[in-house]
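What follows is a set of notes on a single structure, which appears directly below.
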Amino acid sequence: MTAPAIVVGVMSGTSLDGVTAAIARFSSADGDQVEQLGVTTLAYDDALRERLAAAMQRATAAEYVALSHAVAERFADAVTAVIAESGIA
């Protein structure tokens, strides 16, 4: 038997609605077992959504870097929220 693993997945799509994080426990007692522990979606604020939409058309390298940091911060917020929601920490 393999030790259980708890995994967080995070994504943001092209709909520009926000970031979704899911947390699940994977184990294999009698085959593959997956237990969903939580799901959280954090919406982008209007200003970030507008910047992302504009960047899909055209932006400077500096703006792409700034947006990557802003989205990464939102990812971190979603991971923190879904871990708290799951009660594992």
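In this chain, residues are counted from 1 in sequence order.
- In terms of heavy-atom proximity, Val82 sits nearest to Val39 at CG2-N, 3.8 Å.
- A continuous path of ILVMFWY side-chain contacts below 4.5 Å connects Met56 to Leu48, so both sit in one hydrophobic cluster.
- Placement of Val19 and Val79 within a single hydrophobic cluster is found when ILVMFWY residues are connected by side-chain heavy-atom separations under 4.5 Å, directly or transitively.
- Residues Ala24 and Val34 share a closest heavy-atom pair of CB-CG1, 4.2 Å.
- Closest heavy-atom contact between Arg49 and Leu16: NE-O, 2.9 Å.
- Interatomic distance, OG1 of Thr40 versus CD1 of Ile83, reported as 10.0 Å (0.5 Å rounding).
- Judged purely by atom type and a 3.5 angstrom limit, Arg74 uses its side chain to pair as donor or acceptor with the backbone of Ala43.
- With rounding to the nearest 0.5 Å, the separation of OH in Tyr64 from CZ in Arg51 is 12.0 Å.
- Note on Val8 and Ile88: same hydrophobic cluster, where clusters join Ile, Leu, Val, Met, Phe, Trp and Tyr whose side-chain heavy atoms are under 4.5 Å apart, directly or indirectly.
- Side-chain atoms of Arg25 do not come within 3.5 Å of backbone N or O of Glu35 as any donor-acceptor pair.
- Heavy atoms only, all atoms of each residue included: Ser12 and Tyr44 are closest at OG-OH, 2.6 Å.
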